[in-house]
Each structure stands twice: as C-alpha cells, then as structure tokens.
Amino acid sequence: MRVVIADDSVLLREGIGRLLAEGGIDVAAGVDDADALIHTIEETQPDLAIIDVRMPPNHRDEGLRAAIEIRRRWPEVALLVLSQFVEERYATELLAGDTRAVGYLLKDRIADVDEFLEAVRSVAEGGTALDPEVVRQIFARSRQVNPLAELTPREREVLSLMAQGRSNAAIAETLVVTIGAVEKHVANIFMKLNLPPDDHRHRRVAAVVHYLSN
Amino acid sequence: MAEEGRARTVAQVDQLSFGKHTRPATDRDDAVSRLSAVLRTVASGWVASATWRGAANLLLWLAMSWGVAVIAFVGLLVSLATAWVIGLGIWVRASVLRLLAELVGIDRRRLHWLLGVRTPPLALPRSDPDASRQTRQRAWAQAPPLWRLPAYEIISVPVVTALALGAVAWWWATIACFALADRHSELALQPVHVLGVAVGPWSVSTIETVGLVIAGVAGVLLWPMALRAISTIDVTLARGLLGPNSIELSQEVVRLSETRAQAVAAADAERRRIERDLHDGFQPQLVNLALSLGLAKSRLANDPEAARALLERAHQDAKRATEDLRNLVRGIHPSVLDERGLDAAFSALAAGSSIPLQIDVHLEQRPPRDAEAIAYFVVAEAITNINKHAGAQTAAVTVNNVDGALWILVQDDGQGGAQVEPGGGLDGLSARIAAVDGTFSLTSPAGGPTWIEARIPCEW
C-alpha cells in the first residue's frame, strides 16, 4: 500500500510516517499544503491520502477542500481526513459524494496506534471510518434514539447498500427491482429515521451514519 | 443649492435698480439687451427648482405640522387616560410612539426631498414580535417622552401658520397693487373690491399709481426670495428639533463610553479565564505525564511490570490532556464558525450537551463575523449553564433575523431561578452585546422556564 501524508506539521508527518512504517505501510510522500497534495496525488497515484483539514496558506479548511477535489478527480484514491476538531458539517461535505473508502478522525486517535492502523487499512480497503465524536454530533443533530429497529428487512438491505456508497440505480440493479421501488424504500428510510427533507445529501449521509454506528 | 439661489436673487435686484435709476440708455440696442437680461433673470428666479420646492414645502409643512400635532395631542390624551390600566397603558404608549415615529419619518423625508436637509432619527425601542413581554416593557419604559418625538411639528404649528397667513397677505397685497393701479380713477369715488375685500375710497395721484405698479412688480419678483426665507426658517427649526439635541447626544456619549469600558473589562476577564484554564487545568496534566514517564524510565530495568503500568497511565493521561486542550481551544473560538457559520458550529455544542437540544437557525445569509461570534458564545454559555444548573429535560436554540438584527433565543424547561452573576460568562457576554448596541435579557422565574434572549444589530 502506498500512502501520501499531507500535514503542515513536520512533527506529525514524521510521527504518522513512523507509525505506518511500523505497520508495514509504505509512505510514498509527505507534503505540507493542499496544492502540493493535489500535485503529488496526480504524479504518484497512491492508494491512500492522509490529509489534515487545516493547512497553509490560510489554515482554514484547505485540506477538506483538497480531499473533495481528489475524490472528484481520482475516485480510486482512498481518503483519511484527520483534524484537531471533527465537525458534523465537514463530515457531511466529505461523505456527500461517496461514502466508500473515506475516513474522518480526530488527530487524537493516532495515539491509539493499533486502532489507528486498523482504521487506515479499513479505509484503504474501501471501508468507512468515522470518529465517534462526529457520529455523536450527527446524532445530536438528528435527535434519534434507535429508529433502525423500525426498518423492514428490505429497507435495511437498501440502507446497507447505501452505506457501501451505491447510487439508487446501482441498488436497484443489485436487488433486481426498479429504481422507483428503491426510491420508495429510501423515502421510507428517511421518514423512519426522522430525517428532515431540507437537504437531500445530508439525509443520505445521516442515514448511512445511523447504519454505521449500529 | 439654496446659496446659489440666493445669489441669483441678489443679482436680479441689482439689475432692477440699475435699470430704474439711470438715465435712458443712449444706445437703444444696449437698453433692449439689458431689459432682456433682466427679464431672463426674473424668469429664471421663478422657474428655479428652489422656488417651487419652497412653495410645495410651505404647503406640506403646514399640513404635516397640524396633522402630527393634532394626532400627538389625541395620542397624549388616550395615553394618559389608559396609563393606569396595566398592560394596556404601555401598549397604547408604544402604539402612539410608533405611529408618531412613522409620521415624523414622513416629515423627515419631506425635508430631505424638498429642502435637501437630512436629520438623524431619534432612537426608539425596536419592534420585536418574538421578544418576551418583560423585555418589550423594559424597552418601552426607556423610550423618550411622548412630546419629544413630534416636538418639531408642534413648535412649527404657530410658526408655519403665521408664515402661511403672511404669504396669503403678500399675494393679496401684490394683486391689490395692480388692481388699484388699474382702477385708480374709480377709487376716488367708491371702494374697489380686491378678492372680496373692499379698499377705499381713496384719491390716488399719478405718482402713487406708478408706485403701486412698482410695488406690485416687486411683490411678484421678490416672491422667490420670500419663499427661500420661509424655507430657511423651516430648516433652522428642523435642525434644532427633529434630530437628537445636545443633551441627548451627550447622554449617548456617556452610554457609549460605559459600554465600551464594560466590553474592554469583559475581554480582560476572558483573557484571565483562558490563562487560568491553561495554568490550572492543562499544565498539571503535562507535569503529571512527565512524572509518570520519569518513574517508568527509572523502573524499566528492575520492575518492568510496574513500568508497563506507569506507561499505560501516561498514555491515558496524554490522551486526556490532548482532549482537554482541544476543548479549551475550541472554547476560545471554533474555526468551523468562521468557515461554515452558526448552524454548523452548534453541532458540537449539541453533541456535548447531555440534555437534548433542538437547534433552529433560520438565516438566509451569514451575519458579520463579530455578530456571529457573539451569538455563538451566548448559546455556548447558555447551554453550559443549562447542563450545570437548570435540571431541564429539553432545551431549544432559535436564531433568526428580526428587523435586520441577529436575534437569539435559548429556552429550557428547567427549574428557573437563573441569574446573571457579576463577572460570570453571561455578564461578560451581555457587556459585549451592549458594546454593539444590542440587548440581552435573562428571564428565569422560580419554577421555570428560563429564557435567554439576545439581539445583536448588524449590517448584513
């Protein structure tokens, strides 16, 4: 596995590199800003990019925006976004296109070496790794207890396929049903999970997060 | 524009006197050209926009002054009559003040459009349909006295009435001059009726007839000047009475200095709190961590098992210190607030609250950064307090744009009895809100519920 690390702190870049080397993972390159990251991804085509949200020049959300751009241009590159703070809104934006091979974790999680390496491997293999803190935030915003129990077996099936990042059309193909039927299931899932109809992307992500956290 | 108009009128008068008192020009062409120049100047005085604006202003000034004064008088009577009825009295007073503010606003526009004079409005309590009753009553109790708002119109009534009568007299006299000059031969025998008023009988000599014609012409020609004089009187009155006067301005200066001093003190207190948090919370954790590591190092050779346990503890301590530092930094200023706004920043507050929070942010566009930060910290502080003291089952945060101000309401269904503690978080925040001319109120009767309400005026 080849990994690119983007973080403006040399200390953290080297730390993560050492940790990955310990786990037998090869670090292809380390960069310290978003432009260099995009450039390096284009050149090296790694399997995974580990990206800090806050990077030069403005120290705002450059890393997040770079991650979204990478997902758009090179969807095969797995993304693990690290941050000093995790935010429900950033998670929503990051997962909006595709929930496959995406991770969003607090930087603190690096301290639990084995769990962190596990998350790195899982994301590189196409899984999703969300920080418990961001899951808590998403729950707090949708104010749910355990609505998954109310789903029918077919709706659960649809939801699990959504969690694998499939579109409605792909889900219909897998289950050998019409797209209309899938759309009906999805609408039922949103209703049962009590997800408000204000933002379609946010609803889809929230539904997936419900599924993942159970 | 008024200056220019006046200069033109003076020039016109000079030319007239020149024409009257010099000997007839020997050069006919010269006399004709001089006469046409005089006529042009007279005509331009009459068609100058200041003239018709002045005339329109005189009529509207008369109408507005009487109208507003009568409404203010009736409003004052109704307000006095209902003052003793609790609730109704303050409502009537507020309604009368609001109506007068509207009318005075129209009058202010008249002065701006017709005379080009801008006057600053007097501050009134802002209307806020969602505010609690107590907040509204407190605001209206601090409103200016009823007579202050329409003071300009009330004082204008005798002035503008006298000026309007004067204008009528002016035109009557002007018309009378021409009428009497025209019929001076009849005037010696019987009275002449000018616009329904009988004049005479007088005997009028030829010289006097010429004088009457000259007076009539002067009446017509000097009318624009008279109108401008009337406009000047109006502008003087409006400047003195429509906007805030010097006492009100100096009260405002005192208020501004106080709120500024409070805001500076609040910022100081905040800095001390951060220093305390770092010193009392974070530093001991790091010391403890270094201690555990030091002990582990010294025991590594002799007692590897104990060293292992110490390392485990150091690992836990380090993680907790990271978490505490993260919370401390986020408490100073959450970066997501700048990047994505209030709604996004509230997510972490909701996750950190053990009481379920309902959050509704209804904002179509982002408020300015400063207003947003104050709003965020009001909500953060309120939620901290609710979790610590309120004994609530649920809490709700609502953020809205009400009349161009950022309006925040935090409610809980707890036991009430909350207070703003001097030097506490809410105290500092209310000082920050006062510094931007906002309002802050805490309503928390014993037994609950508790309402925290803040309004932050801002330019969107």
Side-chain angles (χ1 to χ4, degrees), chain A residues 9 11-12 15 52-55 58-65 68 81-94 96 104-116 130-145 194 196 198-199 202 205-206 209 213, chain B residues 285 289 293 311-364 366 369 376 379-380 383 386-387 393-397:
Chain A
S9 155
L11 202 65
L12 269 174
D52 183 15
V53 168
R54 220 162 137 150
M55 275 195 289
N58 298 322
H59 295 275
R60 294 168 63 145
D61 57 351
E62 286 82 356
L64 181 80
R65 277 186 270 140
I68 291 167
V81 175
L82 297 180
S83 179
Q84 194 66 53
F85 311 97
V86 287
E87 301 289 351
E88 161 269 330
R89 200 55 48 94
Y90 290 170
T92 310
E93 288 171 19
L94 186 61
Y104 182 39
L105 298 175
L106 272 174
K107 269 189 187 168
D108 304 18
R109 310 298 176 208
I110 302 169
D112 291 312
V113 179
D114 295 337
E115 285 169 37
F116 181 72
L130 283 184
D131 198 277
E133 166 61 23
V134 80
V135 172
R136 251 203 306 283
Q137 288 187 19
I138 293 169
F139 271 131
R141 289 314 294 266
S142 51
R143 299 184 295 281
Q144 285 309 303
V145 192
N194 196 13
D198 52 356
D199 182 349
H202 183 270
V205 174
V209 168
S213 57
Chain B
Q285 282 182 319
L289 174 62
L293 286 174
L311 277 176
E312 178 60 35
R313 218 179 91 192
H315 190 210
Q316 295 301 333
D317 287 350
K319 285 198 289 184
R320 194 166 319 119
T322 320
E323 194 181 330
D324 286 359
L325 182 62
R326 170 156 44 87
N327 289 334
L328 178 65
V329 172
R330 201 181 195 285
I332 295 170
H333 192 92
S335 55
V336 70
L337 179 61
D338 291 342
E339 311 306 332
R340 297 293 184 274
L342 281 172
D343 190 61
F346 287 153
S347 293
L349 290 182
S353 166
S354 54
I355 293 153
L357 271 187
Q358 180 171 336
I359 293 171
D360 293 300
V361 179
H362 308 283
L363 295 176
E364 277 169 19
R366 294 272 306 269
R369 227 183 109 122
Y376 173 82
V379 172
I383 290 172
I386 291 169
N387 275 283
Q393 299 299 308
T394 59
V397 175

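Remember, predicted model here, so these are calculated numbers, not experimental data. Note on naming: letters A, B, ... go to the chains in the order of the sequence lines (proteins, then strands), and numbering restarts at 1 for each one.
- The two residues A:F85 and B:V329 make their nearest non-hydrogen contact at CZ-CG1, 3.6 Å.
- Residue A:L11 places its CG atom among 12 or fewer non-hydrogen atoms of other residues, nucleotides or ligands, all under 6.0 Å distant.
- To the nearest 0.5 Å, atom OG of residue B:S347 and atom OH of residue A:Y90 are 11.5 Å apart.
- At most 12 heavy atoms of other shown residues, nucleotides or ligands fall within 6.0 angstrom of atom CZ in B:R369.
- The heavy-atom pair separating B:H315 from A:A111 by the smallest distance is NE2-O, 2.8 Å.
- Note on B:A345, B:S353, B:A344, B:G352: by heavy-atom pairs under 4.5 Å with chain A, the leading option is B:A344.
- Using a 4.5 Å cut-off on side-chain heavy atoms (C-beta onward), B:R340 and A:D61 make contact.
- Taking CG of A:N58 as the start and CD of B:E339 as the end, the distance is 8.5 Å to the nearest 0.5 Å.
- With a 4.5 Å cut-off on non-hydrogen atoms, A:L64 touches chain B through its side chain but not through its backbone.
- Residue pairs meeting the salt bridge (charged side-chain N to carboxylate O under 4.0 Å, His left out) criterion with at least one member in residues 342-358 of chain B, sequence neighbours excluded, are A:R89-B:D343, A:R141-B:D343.
- Rounding to the nearest 0.5 angstrom, the gap separating the CD atom in B:E323 from the CG atom in A:L106 is 8.5 Å.
- Counting heavy-atom pairs closer than 4.5 Å to chain A, the top-ranked of the candidates B:L325, B:T322, B:V336, B:N327 is B:V336.
- Applying the salt bridge (charged side-chain N to carboxylate O under 4.0 Å, His left out) test to residues at least two apart or on different chains, the pairs with a partner in residues 326-335 of chain B are A:E87-B:R330, A:D108-B:R326.
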